[in-house]
There are 2 protein chains.
Amino acid sequence: MNLDKRSRLILRAIVLSYIKNAQPVGSHSITKHYDFGVGSATIRNIMSNLEEDGFLSHPHTSAGRIPTEKGYRFYVDTLFEEKTFLKNQSQITLEAESLVQREDASQLLQDTSKLLSDLTHYMAIVSAPKISAARINHIEFVRLRTNCIMTITVSEAGFVQNRFFDLEKDISQKSLNNISDYLNSLCKGMTLDGIRKKMSHQMEKMEDLYDHLESETFELTQQAMQGLHSRDTGELYTDGAINIFDLPDFTDIKVMKNLLKAVKEKKAVIELLDKYIGSDGVQVFIGSENRFLGRHGCSLVVSQYKRGDRVLGALGVIGPTRMDYSKVIPLVDSTAKQVSRLLEDLS
Amino acid sequence: MNLDKRSRLILRAIVLSYIKNAQPVGSHSITKHYDFGVGSATIRNIMSNLEEDGFLSHPHTSAGRIPTEKGYRFYVDTLFEEKTFLKNQSQITLEAESLVQREDASQLLQDTSKLLSDLTHYMAIVSAPKISAARINHIEFVRLRTNCIMTITVSEAGFVQNRFFDLEKDISQKSLNNISDYLNSLCKGMTLDGIRKKMSHQMEKMEDLYDHLESETFELTQQAMQGLHSRDTGELYTDGAINIFDLPDFTDIKVMKNLLKAVKEKKAVIELLDKYIGSDGVQVFIGSENRFLGRHGCSLVVSQYKRGDRVLGALGVIGPTRMDYSKVIPLVDSTAKQVSRLLEDLS
DNA sequence: TCTAGCACTCTATTGCCAGGAGTGCTAGAA
DNA sequence: TTCTAGCACTCCTGGCAATAGAGTGCTAGA
């Protein structure tokens with residue numbers, strides 16, 4: 001089943017042609033557009049072999065061939081082997097550069113998803129870092145009304161989160177200010193978990209020093225911080241969902257609807273991205289290589305972005321299996337790097 | 001052109017039937033399902049008159065009649081005149097009651113749009129109040145890094161807004177805390193504009209008391225608050241956009257795409273809602289009675305919600321002109337009231 | 001090992017026809 | 001004067017057959 005050079009080139013030509021035109025590729029059109037120095041009958045023989053090996057499929061007898069997922073996988077792997085996409089890299093990077101620095105990290109991610117979807121005409125997804133894993137730059141408690149407070153956390157990367165909590169007892173804004181000041185002076189750069197541990201530790205030590213009221217405040221705010229942890233499901237930014245209307249791949253309106261619904265629900269997509277956080281560089285998942293993607297007949301090109309050496313989240317593009325990988329892969333790659341660079345500067 | 005009672009009843013029957021079945025209504029089906037004591041030929045004559053008067057239209061010679069916008073308008077007006085929808089009111093209100101109290105006002109609006117779209121199977125839109133018009137419950141300034149601060153404003157109704165500002169000079173967190181404390185103690189319940197004026201006033205008075213550094217801080221934070229005003233474009237919560245896939249009214253995929261796009265951009269929809277804020281009670285706009293709706297072939301049922309006697313925003317349902325008005329109108333009405341009630345309690 | 005040629009298969013399009021739904025009109029009944 | 005039964009007419013729809021086109025698979029021969 002190891003393909004000779006000619007078969008590989010022809011397979012590649014078929015994939016390219018199908019990616020471009022979304023039309024089954026016939027032997028004749030190959031001889032017309034590519035010069036392999038052989039006639040269409042030979043191409044037919046080779047196609048037939050490729051089909052037997054599972055790289056191509058056949059909608060019906062008198063139609064051309066279309067790539068199977070295995071065919072796309074072969075094509076993408078050669079892209080990576082030959083580093084073909086690096087050629088486009090510099091030019092694509094330029095486009096990613098158009099992400100300008102902004103104060104608001106969430107806005108940066110939203111704009112990133114817009115950029116990705118605009119440039120690819122597919123759907124873009126960007127997951128935001130979880131606050132529970134982030135290093136905290138600032139934390140603030142605000143009393144909204146009796147027994148109800150709000151926490152505001154700002155991570156070092158510039159992400160802000162507001163959360164609301166009902167408490168068993170009321171706390172004055174003054175006490176909350178004290179706690180805020182205390183935490184901000186001592187706990188900068190720590191994670192929420194670290195801060196919580198430190199608070200417990202301090203409480204034990206200072207039990208006698210603090211009066212009863214203060215220690216109660218301590219405890220309640222710690223409860224709130226505990227809540228921050230448990231409710232931390234992650235955020236997702238997405239754009240370009242309506243692009244799938246323009247794709248000839250989605251003819252069934254039901255399939256489109258299901259995909260839009262899944263992306264709207266966010267949960268499945270966040271899980272999808274979370275799953276592949278951890279490996280460096282761009283990764284490509286084609287159709288049923290992943291359950292979610294298989295169900296909706298799509299592919300995913302994804303890369304993680306970081307700040308320093310901490311991975312913050314992932315960003316990528318969801319498109320049809322017939323996606324233009326040679327264009328999307330370098331774009332996702334350079335966008336991830338650019339986002340990492342911009343988040344680095346926010347400090 | 002004044003319709004006699006029988007014509008009115010028949011027109012009403014046609015509208016009801018078309019709303020229910022999305023099929024052109026023939027004279028025969030009217031005689032079958034409704035008992036007007038006349039034969040189908042008579043119905044045909046009356047239909048013909050109704051068409052001449054512009055209430056009905058005719059896809060082609062051998063098809064039944066469908067209501068025109070004027071036909072729907074007539075139907076909706078009779079609903080209001082006869083207060084027919086009040087009958088369903090109490091039952092519908094029950095459904096809107098399922099909006100439970102939550103701490104987070106934004107979440108309440110998001111849930112409201114979900115409730116509206118789930119119950120109607122149309123698209124729901126809810127506009128959030130502008131922070132620049134709101135009474136402020138709490139305001140906080142956080143220093144993010146050199147020359148960059150964040151403002152957090154919490155309105156009395158419970159809406160929170162974070163904004164980021166680059167300043168010409170750096171301010172210490174300590175100075176910001178002073179300003180925050182000062183504003184929160186003196187300015188509770190005022191609007192941003194009121195607070196700004198008060199600050200100017202105070203500055204003049206206290207020029208000598210405050211040292212140079214503090215007055216600079218004063219000025220910079222005031223700049224930020226000015227920025228809060230100018231960038232305040234309003235928020236929009238929406239849900240159920242994908243419901244339009246299930247409607248037989250939208251067969252053209254291009255129309256669907258345009259509508260989804262317009263709702264995603266938000267701006268046009270916010271303007272649409274803003275336009276009709278000010279009049280009490282439910283309002284209905286059918287098709288080309290409004291430019292936006294006409295372009296997308298939809299109708300809008302909308303009502304404003306308030307807190308006390310201050311109007312905060314509007315909520316409504318966008319559906320096809322063939323929308324089930326008799327169900328949607330009372331639902332929008334009672335939901336608006338319910339939201340007003342819940343926001344009242346957040347204090 | 002490659003290729004030209006031919007028979008074969010399947011799809012998509014077109015035209016046609018019959019059936020059905022619904023109207024419009026008219027003459028006659030109430 | 002108003003209503004209605006009946007009939008001719010219009011237009012849509014679905015099914016059927018014929019046709020053209022695209023592409024394959026196979027085979028014999030270079």
Side-chain angles (χ1 to χ4, degrees), chain A residues 2-11 13-18 20-68 71 248-249 251-252, chain B residues 2-11 13-18 20-68 71 248-249 251-252:
Chain A
N2 241 334
L3 300 179
D4 58 66
K5 172 134 183 165
R6 196 175 59 183
S7 298
R8 288 209 307 270
L9 287 176
I10 287 173
L11 174 52
I14 293 169
V15 173
L16 281 174
S17 167
Y18 189 68
K20 195 170 161 203
N21 308 113
Q23 292 290 335
V25 187
S27 55
H28 194 66
S29 89
I30 292 286
T31 51
K32 212 164 75 186
H33 297 293
Y34 299 82
D35 185 19
F36 291 112
V38 295
S40 70
T42 310
I43 302 281
R44 272 204 291 288
N45 282 330
I46 295 172
M47 279 173 148
S48 166
N49 293 338
L50 286 171
E51 180 167 359
E52 208 162 301
D53 290 342
F55 292 105
L56 295 177
S57 76
H58 217 175
H60 56 85
T61 11
S62 72
R65 301 305 210 291
I66 61 175
T68 60
D249 309 74
T251 48
D252 188 1
Chain B
N2 243 334
L3 300 179
D4 59 67
K5 172 133 187 170
R6 195 174 60 183
S7 298
R8 288 208 308 266
L9 285 175
I10 288 174
L11 174 52
I14 293 170
V15 173
L16 280 173
S17 167
Y18 189 68
K20 193 169 164 203
N21 305 313
Q23 292 290 335
V25 187
S27 55
H28 194 66
S29 90
I30 292 287
T31 51
K32 212 164 75 187
H33 297 293
Y34 298 82
D35 185 20
F36 291 111
V38 295
S40 69
T42 311
I43 303 281
R44 273 204 291 288
N45 283 330
I46 296 172
M47 279 173 149
S48 167
N49 292 339
L50 286 170
E51 182 168 358
E52 210 163 298
D53 291 342
F55 292 105
L56 296 177
S57 77
H58 217 176
H60 55 82
T61 14
S62 74
R65 301 304 210 292
I66 60 176
T68 58
D249 309 76
T251 48
D252 187 1

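Naming convention: chains lettered A, B, ... in sequence-line order (proteins, then strands); numbering from 1 in each chain. Any value given below was found using the heavy atoms of this structure, including those in side chains, with hydrogens, waters and symmetry copies removed.
- For Arg65(A) and dG25(D), a side-chain-to-base donor-acceptor distance below 3.5 Å is absent, hydrogens and geometry of angles not being considered.
- Nearest nucleotide to the side chain of His60(A), out of dC11(D), dT3(C), dT11(C): dT11(C).
- Rounded to a whole Å, the CD1 atom of Ile46(A) is 15 Å from the C1' atom of dG25(D).
- Between the side chains of Thr42(A) and Asn45(A), not a single donor N or O lies within less than 3.5 Å of an accepting N or O.
- Nearer to the 5' terminus of DNA chain D, by closest-nucleotide assignment, is the contact made by Arg6(B) (compared with the other of His28(A) and Arg6(B)).
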Taking only Watson-Crick and G-U wobble pairs with both distances under 3.5 Å, what dot-bracket line describes DNA chain D, where [ ] shows pairs that cross earlier ones and | shows pairs with another strand?
||||||||||||||||||||||||||||||
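- One can place CD1 of Ile66(B) at 15 Å from C1' of dT23(C), the figure rounded to the nearest angstrom.
- In this structure, CD of Gln23(A) is placed 12 Å from P of dA22(D), rounded to the nearest angstrom.
- Atom pair Tyr18(B):OH and dG22(C):C1' shows a separation of 16 Å (rounding to whole Å applied).
- Distance from the side chain of His58(A) is smallest to dG25(D) among dG25(D), dG24(C), dC10(C).
- To the nearest angstrom, C1' of dA21(C) lies 11 Å from NZ of Lys32(B).
- One finds no side-chain N or O of Ser27(B) lying less than 4.0 angstrom from the OP1 or OP2 phosphate oxygen of dG22(C).
- A donor-acceptor pair under 3.5 Å is absent between the side-chain atoms of Thr31(A) and the main chain of Gly39(A), judged by distance alone.
- Among the candidates Leu9(B), Leu16(B), Ile14(B), the single residue satisfying the side chain to side chain contact (heavy atoms under 4.5 Å, CB included) test with Tyr34(B) is Leu16(B).
- Regarding Leu50(A), its CG atom lies at a distance of 12 Å from the P atom of dG25(D), rounded to whole Å.
- Nucleotides of DNA chain D nearest to Gly39(B) and Met47(A) differ in position, and the one nearer the 5' end is that of Gly39(B).
- Side-chain contact between Val38(A) and Arg6(A) is present, with at least one heavy-atom pair separated by less than 4.5 Å.
- Phosphate proximity of dG25(D) to Thr61(A): absent, as no side-chain N or O sits under 4.0 Å from OP1 or OP2.
- To the nearest angstrom, P of dC26(D) lies 12 Å from CG of Asn49(A).
- Around the CG atom of Asp35(B), the shell of radius 6.0 Å holds no more than 12 heavy atoms that belong to other residues, nucleotides or ligands.
- Within 4.0 Å (heavy atoms only), Ala41(B) reaches at least one base atom of the nucleic acid.
- The interatomic distance linking Ile43(B) (CD1) with dC3(D) (P) rounds to 11 Å, in whole Å.
- In the interface, the side chain of Ser62(B) is paired with the base of dC11(D) through a donor and an acceptor atom under 3.5 Å apart.
- The environment of NE2 in His58(A) is crowded: more than 12 heavy-atom neighbours from other residues, nucleotides or ligands sit within 6.0 Å.
- Counting only heavy atoms from C-beta on, Arg44(B) has its side chain closest to dC25(C) among dC25(C), dG25(D), dT3(C).
- Counting only heavy atoms from C-beta outward, the side chains of Ser48(A) and Arg44(A) never approach each other to under 4.5 Å.
- For the residue pair Gly54(A) and Thr68(A), the shortest heavy atom distance occurs at O-OG1, 2.6 Å.
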